[in-house]
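Worksheet: the structure to be examined is printed underneath.
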Amino acid sequence: MMNFKPLYFYANHEEGRDPLGNPITELIQIGESEGRFSPWTAEEIALDVREVTLHNRKILTPAPKELIEQAEKVKFEDKFHDITEIKGDDTTRWRIIIVNRYGSEKP
């Protein structure tokens with residue numbers, strides 16, 4: 001049985017502009033789902049020439065791909081992670097989100 005935990009999706013929302021015209025953004029929650037960390041397979045590690053498996057983790061989720069594509073970060077297990085890649089689409093039951101290995105407690 002797979003143990004899933006709450007997974008929250010965040011995106012930057014423009015709140016306005018500073019005096020120099022630069023955007024002022026705030027990270028807001030745009031959705032939620034559930035997920036779990038998934039281990040890298042031996043085959044993925046052997047094929048990885050970019051060392052993605054050393055610097056990233058995989059989160060398995062049933063969240064719709066459209067929601068994941070709108071997000072810049074996820075909050076999972078009380079830490080924020082940057083999304084670096086999305087695998088899978090809505091024709092399958094699961095999507096895989098590749099995130100930075102060590103999340104931070106602040107967005």
Between the NZ atom in K73 and the CZ atom in F80, the distance rounded to the nearest 0.5 Å is 8.0 Å
Separation between CG (L7) and CD1 (I97), nearest 0.5 Å, reads 5.5 Å
Tightest non-hydrogen contact, residues F76 and R36, listed as CZ-CA, 3.6 Å
Practice task
Decide yes or no for P23 and R17: does some side-chain heavy atom of the first lie under 4.5 Å from some side-chain heavy atom of the second?
Solution key: yes
Any link between F4 and I96 through a network of hydrophobic side chains (Ile, Leu, Val, Met, Phe, Trp, Tyr) touching at under 4.5 Å? yes
Quiz item: Sub-3.5 Å donor-acceptor pair from the side chain of N56 to the main-chain atoms of I98, do we have one?
Solution: no
One should read off an interatomic distance between N22 CG and E14 CD, to the nearest 0.5 angstrom, of 10.0 Å
For S38 and L60 the tightest heavy-atom approach is CB-CB, 4.4 Å
* Please tell me if the side chains of V74 and I59 come closer than 4.5 Å, counting only heavy atoms from C-beta onward. => yes
Using a 6.0 Å cut-off, check whether atom CG of D78 has over 12 heavy atoms from anything other than its own residue. no
| Side-chain heavy-atom pair E15, T25 within 4.5 angstrom cut-off | no
Are the side chain of H81 and the backbone of V99 linked by a donor-acceptor contact shorter than 3.5 Å? no
- Query: Are I86 and I30 in one and the same hydrophobic cluster, where Ile, Leu, Val, Met, Phe, Trp and Tyr link if side-chain heavy atoms are under 4.5 Å apart?
  - Reply: yes
One should read off an interatomic distance between K58 NZ and K87 NZ, to the nearest 0.5 angstrom, of 7.0 Å
R95 side chain to A63 backbone, donor-acceptor under 3.5 Å:
yes
Check your understanding: Hey, any chance L67 and Y10 share a hydrophobic cluster, counting ILVMFWY side chains that come within less than 4.5 Å of each other, even indirectly?
Key -> no
Any side-chain to backbone donor/acceptor pair from E72 onto N12? Under 3.5 Å, distance only.
yes
Check: Under 4.5 Å between any side-chain heavy atoms of E77 and F37, yes or no?
Finding: yes
Taken to the nearest 0.5 Å, the spacing of H13 NE2 from I24 CD1 works out to 12.0 Å
salt_bridge(K5, E34) N-O dist < 4.0 Å = no
**Prompt:** With the threshold set at 4.0 Å, does a side-chain nitrogen-carboxylate oxygen contact exist between K65 and D90?
**Reply:** no
In terms of heavy-atom contacts, S33 and T61 come closest through OG-OG1, 3.5 Å
For residues I68 and F9, determine if any side-chain heavy atom of one lies less than 4.5 Å from a side-chain heavy atom of the other. yes
